[in-house]
Amino acid sequence: MADQNRHKIKNLLMKLNDEDRNQLVCLIAKAGYAVRIGKERPGGKGQTMYFVEFWEEADKDESFKN
């Protein structure tokens, strides 16, 4: 399995709304990255924090060469 360095863009100041996150996901995907929107609760309680996570995937053709 290829090493996947995943990067998170966290919404620390709660300034990104749902529409902003969706636009960010579209731009990152158009740039050729795999991307997803996730959510987590820091410390298990409090407000839910949303983030955008992206990574570069290996080509499917390369994974079948092994």
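No experiment lies behind these values; they were computed from the predicted model shown.
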message: Applying side chain to side chain contact (heavy atoms under 4.5 Å, CB included), can you list everything that pairs with K39, at least two apart in sequence or on another chain?
response: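 Once residues adjacent in sequence are excluded, the partners of K39 under the side chain to side chain contact (heavy atoms under 4.5 Å, CB included) criterion are T48, Y50.
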field: Same apolar cluster (I L V M F W Y, side chains within < 4.5 Å links), L24/F54
entry: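 Same cluster.
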message: Membership question, hydrophobic clusters at under 4.5 Å side-chain separation (ILVMFWY): are V35 and I9 in the same one?
response: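 Yes; tracing contacts between hydrophobic side chains, which count when under 4.5 Å, links both residues.
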task: Enumerate the residue pairs fulfilling side chain to side chain donor-acceptor pair (under 3.5 Å) with a member in residues 19-38, sequence neighbours excluded, ordered by first and then second residue.
output: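 Checked against side chain to side chain donor-acceptor pair (under 3.5 Å) - neighbours excluded - the pairs reaching residues 19-38 are R36-E53.
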query: Which one of K10, M49, Q47 satisfies the side-chain contact (heavy atoms from CB on, under 4.5 Å) criterion with P42?
result: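 The option that passes is M49.
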